[in-house]
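Written out below as structure tokens is the structure these notes cover.
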Amino acid sequence: MKVFVVNCGSSSIKYQLFDMQDESVVGKGIAEKIGLPMGIVSLKIEGTGEKVERELPLPNHEVALATILELLTAKNIIRDKADIGVIGHRLVHAGEFYHSSVVVTEDVLEKMTECNDLAPLHNPHNITGVKTCQKLFPGAFHGGCFDTAFHQTMPDYAYMYPIDHSWYEKYKVRRYGFHGTSHGYVAQQAAEFLKKPLAKLRVITAHLGNGSSIAAISNGESVDTSMGMTPLEGLMMGTRCGDIDPALVFFAARKGVSLDDFDKLLNKKSGMMGVGGISNDMRDNWKAIHEGNKRAELAMKMFTYRLKKYIGAYAAAMGGVEAIIFTGGIGENDWDVRKMACEGLEYMGVELDPDKNKGLRSKLADISKPSSKVKVLVVPTNEELVIARESYRLYNETKKR
Ligand code: ADP
């Protein structure tokens, strides 16, 4: 059985095709620049490493998906689309509706639409993606994993904002959290690696990529996470600000900054990019730092300082911690960020091993000293695999009924 995992954005579709016999990825790629005069669709064939690219106008998601299917068929990865029995959708916001992965039905789409206000940049495109797949694969089973679902276990005192309660009652304004599929996956992987049941561990998972968030997971359940009603809250990120004084909104308004410009400032021109002025990519920032760029250095210090503060806060929230886990493009690859984030945490039992840490990339490993009371792990994330597994599980369960 082949499971096709899709992640639909406004102008792109990322995909991975899994063979569930051995959970291998047989092909993956991306359709980009949907809606622009010229688009591009790529496919990487896993076994051979061959890469194919096709440039053509992609006026909408349907043409993009059809092109992906054409490429997969032309390269004999599938005979035709009937080979794909299950589609797994990466979905963003489910509000308070769903706590786990779902069979995507009309009802689910309606509930997602109700959450459009909470995730205007993501949910409408996710819905378009599902509808397009339903049209192109009328016989397939559709499953989905929401980014918010894993964090639905947060207690009310962690997820509520300290504002007028009627905003929660009227608009469901509260903290939801994101990257849930990743936090849940790496926590489970870490527990297996440590040979301890996750239900008996307190772990802090730092998913550090272009978007970054950190979660406190106690007894297998998310009890707090840094992203809020939207993915703007929390850690400093590539281009997003993370936590700031909300009064900046009034300040900006009085300075005559429009709402759209302020939105762009906080989402696209802040974080590493905004402070350092170089790039949202850590590699570019390190290069600039090594060349003596002081602002890039400041940005890096802020990034790791804010990360460390959250680690301390979550250890306090859980009354202790057994493992800190780094994942995401930065967490998996950037040993200097890991080092700076752990520096000074020896008082709480965190002892990073500099030799194990340095040079370690994208590999599950313990990077703490044997004497470290708190284990520090690097765990590569794999959200697509979780979505494939969950959708396949739901398909099998539904078939049995
Ligand atoms: P996304 O959040 O878009 O899924 P990723 O999790 O892939 O992103 O993370 C991308 C980021 O990871 C890049 O912007 C860069 O900052 C960082 N990164 C990737 N590789 C390295 C590396 N070798 N060293 C330092 N940072 C890296």
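For this chain, numbers begin at 1 and follow the sequence in order.
Taking the side chain to side chain contact (heavy atoms under 4.5 Å, CB included) definition, one finds that Ala323 meets it with Leu194, Val203, Lys375, sequence neighbours left out. Residues that satisfy the ring pair (Phe, Tyr, Trp, His ring centres under 6.0 Å) test with His142, not counting sequence neighbours, are His89. Remark: Lys264 engages Lys268, Lys269 in a side chain to side chain contact (heavy atoms under 4.5 Å, CB included) (not counting sequence neighbours). Residues passing the side chain to side chain contact (heavy atoms under 4.5 Å, CB included) test with Ala94, sequence neighbours excluded: Tyr98, Phe146, Thr148. Under the rule for a side chain to side chain contact (heavy atoms under 4.5 Å, CB included), the partners of Arg283 that lie at least two apart in sequence or sit in another chain are Asp281. Legend: residues meeting side chain to side chain donor-acceptor pair (under 3.5 Å) with Glu384, ordered by chain and number and at least two apart, are absent. In terms of the side chain to side chain donor-acceptor pair (under 3.5 Å) criterion, Glu114 has no residue partners (sequence neighbours excluded). With sequence neighbours excluded, no residue satisfies side chain to side chain donor-acceptor pair (under 3.5 Å) with Lys51. Applying the side chain to side chain donor-acceptor pair (under 3.5 Å) test to Ser11 and every residue at least two apart in sequence or in another chain returns nothing.
Using cut-offs of 30° and 60° for the angle between ring planes, the Trp286 and His290 rings count as parallel. Using cut-offs of 30° and 60° on the angle between ring planes, the pair His93 and Tyr176 is perpendicular. The aromatic rings of Tyr392 and Tyr395 sit parallel, their planes meeting at an angle under 30°, below the 60° perpendicular limit.
With hydrogens and angles ignored, the 3.5 Å screen pairs no side-chain donor or acceptor of Asn280 with any backbone N or O of Thr239. Proximity of a side-chain donor or acceptor of Tyr159 to a complementary backbone N or O of His151 within less than 3.5 Å is not detected. Using a distance-only test at 3.5 Å, with no hydrogens or angles considered, no donor-acceptor pair links the side chain of Glu346 to the main chain of Ser372. Looking only at distances, no side-chain donor or acceptor of Lys2 sits under 3.5 Å from a matching main-chain atom of Leu17. The main-chain N or O of Val376 is found under 3.5 Å from a side-chain atom of Ser368 such that the two form a donor-acceptor pair. Under the 3.5 Å distance criterion, the side-chain polar atoms of Arg240 are left unmatched by any main-chain donor or acceptor of Gly271. A donor-acceptor pair under 3.5 Å is formed between the side chain of Asn123 and the backbone N or O of Met112. When atom types are taken as modelled, the side chain of Ser212 and the backbone of Gly209 share a donor-acceptor pair closer than 3.5 angstrom. For Lys81 (side chain) and Leu136 (main-chain N/O), a donor-acceptor pair under 3.5 Å exists by modelled atom type. A distance-only check finds no donor-acceptor pair linking the side chain of Asn210 to the backbone of Met237 [under 3.5 Å].
Under 3.5 Å, the side chains of Thr73 and Asp80 contain no donor-acceptor pair of N or O atoms. For the residue pair Asp164/Ser166, the side-chain donor-acceptor check at 3.5 Å is satisfied.
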_Test side chain to side chain donor-acceptor pair (under 3.5 Å) applied to Ser279 and Asn285, step by step_ = CA-CA 7 Å; Ser279 160; Asn285 278 288; 4.7 Å; no
*Given Tyr171 and Met229, is the side chain to side chain contact (heavy atoms under 4.5 Å, CB included) satisfied, shown in steps?*
CA-CA 11 Å; Tyr171 306 118; Met229 185 175 94; over 6 Å; no
*Does the side chain to side chain donor-acceptor pair (under 3.5 Å) test come out yes or no for Glu221 and Thr153, once each step is laid out?*
CA-CA 6 Å; Glu221 291 190 341; Thr153 46; 4.8 Å; no
*asked:* Before you tell me yes or no, could you show the steps for Val5 and Asn7 under side chain to side chain contact (heavy atoms under 4.5 Å, CB included), namely the whole-Å CA-CA distance, both residues' side-chain angles and the distance that decides it to 0.1 Å?
replied: CA-CA 7 Å; Val5 174; Asn7 179 2; over 6 Å; no
_Worked check of side chain to side chain contact (heavy atoms under 4.5 Å, CB included) between Ile204 and Ile214_ = CA-CA 7 Å; Ile204 296 174; Ile214 181 162; 3.6 Å; yes
_side chain to side chain donor-acceptor pair (under 3.5 Å) assessment of Asp22 paired with Ser24_ = CA-CA 5 Å; Asp22 57 358; Ser24 61; 2.7 Å; yes
*Test side chain to side chain contact (heavy atoms under 4.5 Å, CB included) applied to Glu106 and Gln134, step by step*: CA-CA 11 Å; Glu106 277 310 305; Gln134 285 175 333; 4.3 Å; yes
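Around atom NZ of Lys14, no more than 12 heavy atoms belonging to other residues, nucleotides or ligands sit under 6.0 Å away. For Lys44, the NZ atom is loosely surrounded, since the number of other residues' heavy atoms within 6.0 Å does not exceed 12.
Put simply, CD on Glu332 and CD1 on Ile325 are 12.0 Å apart, with the number rounded to the nearest 0.5 Å. Rounding to the nearest 0.5 angstrom, the gap separating the NE2 atom in His122 from the OG atom in Ser10 is 8.5 Å. Here the CZ atom belonging to Arg393 is positioned 9.0 Å from the OG1 atom belonging to Thr398, to the nearest 0.5 angstrom. For the atom pair CG of Asp243 and CE of Met236, the computed distance is 12.0 Å after rounding to the nearest 0.5 Å. Interatomic distance, Thr181 OG1 to Leu385 CG, rounded to the nearest 0.5 Å: 11.5 Å. Here the straight-line distance linking atom CG of Leu65 with atom CD1 of Ile13 works out to 4.0 Å at 0.5 Å rounding.
Counting only residues at least two apart or on different chains, the salt bridge (charged side-chain N to carboxylate O under 4.0 Å, His left out) pairs with a member in residues 181-202 are Arg202-Glu322. Residue pairs meeting the ring pair (Phe, Tyr, Trp, His ring centres under 6.0 Å) criterion with at least one partner in residues 318-339, sequence neighbours excluded, do not occur; the list is empty. For the ring pair (Phe, Tyr, Trp, His ring centres under 6.0 Å) condition, the pairs that include at least one residue of residues 202-222, sequence neighbours left out, are His179-His207.
No side-chain heavy atom of Glu383 sits under 4.5 Å from any side-chain heavy atom of Cys145. Within the 4.5 Å cutoff, the side chain of Ile77 has heavy atoms near those of the Leu43 side chain.
Comment: Arg175 engages Asp224 in a salt bridge, judged by a side-chain N to carboxylate O separation of less than 4.0 angstrom. A salt bridge does not link Lys400 with Glu397: every distance from a Lys NZ or Arg NE/NH1/NH2 to an Asp or Glu carboxylate oxygen is 4.0 Å or more.
Here the rule is side chain to side chain contact (heavy atoms under 4.5 Å, CB included) with Leu208, and of Leu307, Thr327, Asp334 only Leu307 fits it.
When all heavy atoms are compared, the tightest approach of Ala119 to Pro124 is O-CD, 3.5 Å. The two residues Val6 and Cys133 have their closest heavy-atom pair at CG2-SG, 4.1 Å.
Judged by a 6.0 Å distance limit and a 45° cone about the ring axis, Arg174 is not positioned over the six-membered ring of Tyr168.
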